[in-house]
> 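If you scroll down you'll find the structure; I have some questions about it.
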Number of protein chains: 2
Amino acid sequence: MIRLSKLTDYAIVVMSEMARHVGTVHTVSHLAERTGVPSPTVAKLMKTLTPAGLTTSHRGAAGGYALSRAADAISIAEIITALDGPIALTACVEGGDSQCGVQRLCPMRGGWEKVNSAIRGALEQVTLADMMGPPAWAEGPPGPLDSIGAGPGPARRAAV
Amino acid sequence: MIRLSKLTDYAIVVMSEMARHVGTVHTVSHLAERTGVPSPTVAKLMKTLTPAGLTTSHRGAAGGYALSRAADAISIAEIITALDGPIALTACVEGGDSQCGVQRLCPMRGGWEKVNSAIRGALEQVTLADMMGPPAWAEGPPGPLDSIGAGPGPARRAAV
DNA sequence: CGATACAGGACTAAATTGGTCCTGATTAAG
DNA sequence: CTTAATCAGGACCAATTTAGTCCTGTATCG
C-alpha cells in the first residue's frame, strides 16, 4: 500500500474541527480535546500547517489557531503537500533537473510523470469541505462510541 | 510524501528486463546481474509476483521466470496491488464493510473514495510497456555511470 | 541420480515515522 | 509592570514498518 502519513490523516480531522467554528481561534488543547488527537501531536501539526499558509496563529494569552481560508478553498492536495512533501510517486521526478545519476536505468520517467499529474489532479479537486460531511461529531464530551474504535478518530491507515 | 514502496520500484525494473526478452526464462541470478538489484531481493519479488499471476515460473534445472503476459497488458496498478496491497488512501475504505468503529468521526469516507478511484484509474492506464521506454540500459557489464547514483537503478524514493 | 533452480517461510537489521519534551518569544489581562 | 497563557522551534526518543538475508524443502532437467 502506498500510505498516506498518519499526520496527514490527523490534520484533516483537526482542520475539520477548526472549520466548524470559523471566526474563532482554537487553542491546541481545545483541538486536542475535541478531536482526541494528543495535544503534542496537534501542536506539531500546527507548526507545520502555519508556515505553509493553511492556518494562521495568534500568540499570547487568548491566542490560538484558525484556518486561513474557508474550508472549501483548501484542497486535500495542499494539506498533503504541506505535511508529506510534494505529490509525486518517484523522487527522481521531483526537482525537474535530474539528480538521478542512473538515467540509463530510468527511461521510465515519462510514465511516472503521467501518473503523478493524474494523482495530483485528483487530490486538488477535493476540498476540506468535501471531506467534512455533515457536522456529526465532537458534540459534547466523548461518548462511549468513541472508545470502540482504535482511538481518536481519523481513518486508521492509508495507502494509494 | 505518500511513498511507493521500494520493492514496487524494483519490480518495475526487473519486469522491464524480463519484457525485453520475451519467450525466454530468466533465472533469479540473471535478473539480479542485469538490473543490479541484489538477488535475494529479486527472489523475494518473484515469490510475490508469481502467485499474483504476473509472472510464471518453471522449476528445476533450466528453469526460471517469465512474464505471464505482454508488457503492454500489465498495468502499473496490478504491480502495485500485488506488492503493496489494495490501492486506497485510507484503510477504512478497503473492505467496504466498515470495521471503523468511529463512524461518527469518519464522515469523510465519501471524499476519500472519490480520490481513491481517481488514483486507481490513473494507475490502471499506465502499462509496463509505457514505463520501459527505449531499450537503453543493461547493455553489457555495469559502467561507471551506474555508481554515481544511489545504487542499482530504480528511482530512489516515492511519494504521491 | 545429481545438479539446478524455484517455494516458502523465519529471521535480522535498518530506515522512517510518530510522538514527547524542553526552552524561548510574544501577547493579553490584571 | 507583572503574570499567565500560548505559540515557535528545535532536539530527541521510541515504535512501527520495510528492506534485505538465509535456510530448508521440492520439483525438474540432463
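Chain identifiers are assigned alphabetically (A, B, ...) following the order of the sequence lines, protein sequences preceding nucleic acid strands; residue numbering begins at 1 within each chain.
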> For B:L7 and D:dG20, what is the distance between atoms CG and P respectively, to the nearest whole Å?
7 Å
> On the side chain of A:K44, is there an atom forming a donor-acceptor pair with the base of C:dG19 - under 3.5 Å, no angle test?
yes
> Do B:T48 and B:L54 have side chains that approach each other closer than 4.5 Å (heavy atoms only, starting at C-beta)?
no
> Side chain of B:P40 only, heavy atoms from C-beta on: which candidate in D:dT21, D:dG20, C:dC6 is closest?
D:dT21
> Just N and O in the side chain of A:S57: are any of them under 4.0 Å from OP1 or OP2 of D:dA8?
yes
> Distance check, rounded to the nearest 0.5 Å: A:I79 atom CD1 versus A:I12 atom CD1?
5.0 Å
> Specify the separation, in whole Å, of atom CG of A:D9 and atom C1' of C:dG18.
13 Å
> Could you check whether any side-chain heavy atom of B:L128 comes within less than 4.5 Å of a side-chain heavy atom of B:L67, counting everything from C-beta outward?
yes
> Can you name the residues that form a side-chain hydrogen bond (donor to acceptor under 3.5 Å, both in side chains) with A:H30, not counting sequence neighbours?
A:T27
> B:K6 has an atom NZ; how far is it from atom P of D:dT17, in whole Å?
18 Å
> Just the rounded figure in Å: distance from P of C:dT17 to CG of A:L4.
12 Å
> Rounded to whole angstrom units, what separation is found between the NZ atom of A:K47 and the C1' atom of C:dC21?
9 Å
> Roughly how many Å is it from OH in A:Y65 to C1' in D:dA5, rounded to a whole number?
13 Å
> With a 4.0 Å limit, can you tell me whether A:T41 has a side-chain N or O closer than that to the phosphate oxygens OP1/OP2 of C:dT20?
yes
> Is the distance from OP1 or OP2 of D:dA19 to the nearest side-chain N or O of B:Y10 less than 4.0 Å?
no
> Would you mind reading off the distance between B:L31 atom CG and C:dC6 atom P, rounded to a whole angstrom?
9 Å
> Tell me: CG of A:L49 to P of D:dC7, nearest whole Å?
13 Å
> Sort me out a list of protein N/O and nucleotides 27-30 of chain D N/O pairs below 3.5 Å, or just none if empty.
residue, atom, partner, partner atom, Å
D:dA27, O4', B:R59, NE, 3.4
D:dA27, O4', B:R59, NH2, 3.1
D:dT28, O2, B:A61, N, 3.3

> Against B:S57, only a single residue in B:T50, B:L49, B:V25 fulfils side chain to side chain contact (heavy atoms under 4.5 Å, CB included); can you say which?
B:T50
> Among all residues two or more places apart in sequence or in another chain, which pass the side chain to side chain contact (heavy atoms under 4.5 Å, CB included) test with A:S75?
A:A77, A:E78
> Going by heavy atoms in the side chains, are A:T24 and A:M18 under 4.5 Å from each other?
no
